[in-house]
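Working notes, structure below.
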Amino acid sequence: AFFWLVSLLLSSLIWFIAVKASDPRDEPLQRGLLIFGVVFSVLLQEVFRFLYYNLLRKAIEGLVALSEDGCSPISIQQMAYVAGVGFGLMSGAFSMINLLADALGPGTVGIHGDSQLYFLTSAFMTMVLIFLHTFWGILFFHGCEHRRWWEIAAVVVMHLAVSGSTFCNPLYVGSLVPSYLLMAIAAVWAYLLSGGSAQNVWRFLLCKS
């Protein structure tokens with residue numbers, strides 16, 4: 001969560017400087033800066049995810065050196081899951097803060113023809129991002145651990161696609177449907193990389209050990 005906050009701070013600083021240094025009346029330029037800000041923020045988050053992986057890898061090596069049996073008490077898969085949850089929860093918390101700030105006023109969404117589904121769809125988007133960050137953490141760490149750079153690239157592309165889909169709003173179908181499809185793909189992919197199988201799912205549904 002702290003690493004995600006640092007990435008947000010740096011991307012917000014770059015965004016603030018870019019906006020202050022540009023003409024606010026130039027709408028095409030402002031939209032271009034908005035797109036740049038989203039892309040830069042996504043890439044910076046993934047850079048900090050990589051830095052966090054390196055930090056955890058060194059921590060595991062230290063735990064192995066200190067342990068009596070030469071094994072780490074925490075696996076890299078467990079750390080990947082926890083790191084993904086941390087990224088997701090902090091991202092969701094800031095999304096909810098922005099929603100609450102909009103809900104305070106001065107106007108109410110929907111009065112002047114705006115979609116009244118703004119808060120509901122934003123809540124669904126926040127939820128999907130929390131899950132996606134969890135799955136992305138597993139995929140990203142697995143790619144780093146096994147030197148499968150295409151898995152890392154897939155995470156970056158999915159992150160850019162989900163963030164870019166929000167530019168379809170207020171056509172919320174254009175952002176929610178692709179995001180949830182990508183979430184389903186990432187969930188199955190992360191499950192299989194974690195050692196899961198269809199047989200395990202069947203046993204779970206039948207409550208068999």
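Bear in mind that the values here come from a model prediction, so they are computed numbers and not experimental data.
- The backbone N or O of Leu160 sits nowhere less than 3.5 Å from a side-chain atom of Ser163 that would complete a donor-acceptor pair.
- Using a 4.5 Å cut-off between side-chain heavy atoms of Ile, Leu, Val, Met, Phe, Trp and Tyr, with links allowed through other members, Val82 and Ile76 fall into different hydrophobic clusters.
- Between the side chain of Ser122 and the main chain of Phe119, no donor-acceptor pair closer than 3.5 Å is present.
- Looking only at side-chain heavy atoms (C-beta outward), Leu206 and Trp202 come within less than 4.5 Å of each other.
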Trace of the side chain to side chain contact (heavy atoms under 4.5 Å, CB included) decision for Phe87 with Thr134: CA-CA 7 Å; Phe87 268 57; Thr134 303; over 6 Å; no
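- Hydrophobic cluster of Val157: no remaining members, since no ILVMFWY side chain lies below 4.5 Å from it.
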Give the table of side-chain donor-acceptor pairs shorter than 3.5 Å for residues 175-193, with sequence neighbours excluded, one pair per line with atom names and distance.
residue, atom, partner, partner atom, Å
Ser175, OG, Asn169, OD1, 2.9
Ser175, OG, Tyr172, O, 3.1
Ser179, OG, Ser175, O, 2.6
Tyr180, OH, Phe124, O, 3.0
Tyr191, OH, Ser197, N, 3.3
Tyr191, OH, Ser197, O, 2.9

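- From Ser12, atom OG reaches atom CZ of Phe94 across 8.0 Å, with rounding to the nearest 0.5 Å.
- Here the straight-line distance linking atom CZ of Phe140 with atom OH of Tyr52 works out to 13.5 Å at 0.5 Å rounding.
- Taking 4.5 Å as the limit, every side-chain heavy atom of Ser91 sits out of range of all side-chain heavy atoms of Ile130.
- Counting only residues at least two apart or on different chains, the side chain to side chain donor-acceptor pair (under 3.5 Å) pairs with a member in residues 20-29 are Ser22-Gln30, Asp23-Arg25.
- Tyr53 and Ile60 fall within a single hydrophobic cluster, where Ile, Leu, Val, Met, Phe, Trp and Tyr side chains are chained together by heavy-atom contacts under 4.5 Å.
- When the side chains of ILVMFWY residues are joined at heavy-atom separations under 4.5 Å, either directly or via intervening members, Ile97 and Leu5 end up in two distinct hydrophobic clusters.
- Ser11 places none of its side-chain heavy atoms less than 4.5 Å from the side chain of Ile14.
- Side-chain atoms of Arg147 and Trp149, non-hydrogen and from C-beta on, do get closer than 4.5 Å to each other.
- Taking all atoms of both residues into account, the shortest heavy-atom contact from Ser194 to Ile138 is OG-CG2, 3.6 Å.
- Distance CZ/Arg57 to CZ/Phe141: 10.0 Å, rounded to 0.5 Å.
- Inter-residue side-chain proximity for Leu132 and Met158 is flagged as unmet; no heavy-atom pair is nearer than 4.5 Å.
- A continuous path of hydrophobic side-chain contacts links Trp136 to Trp150 [ILVMFWY only; heavy atoms under 4.5 Å].
- Contacts of Tyr81 classified as side-chain hydrogen bond (donor to acceptor under 3.5 Å, both in side chains), with partners at least two apart in sequence or in another chain: none.
- A single hydrophobic cluster is seen to contain both Met125 and Met127, as judged by linkage of ILVMFWY side chains at heavy-atom distances under 4.5 Å, directly or through other members.
- Interatomic distance, Glu151 CD to His142 NE2, rounded to the nearest 0.5 Å: 5.5 Å.
- Within 6.0 Å of CZ on Phe167 lie more than 12 heavy atoms contributed by other residues, nucleotides or ligands.
- For the ring-ring contact (aromatic ring centres under 6.0 Å, His included) test, no residue two or more places apart in sequence or in another chain qualifies with Trp15.
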Review item, side-chain donor-acceptor pairs of residues 41-50, under 3.5 Å, at least two apart:
residue, atom, partner, partner atom, Å
Ser41, OG, Gln45, NE2, 3.3
Gln45, OE1, Trp4, NE1, 3.0
Glu46, OE1, Arg49, NE, 2.9
Glu46, OE2, Arg49, NH2, 3.2
Glu46, OE2, His159, ND1, 2.6
Arg49, NH2, His133, ND1, 3.2

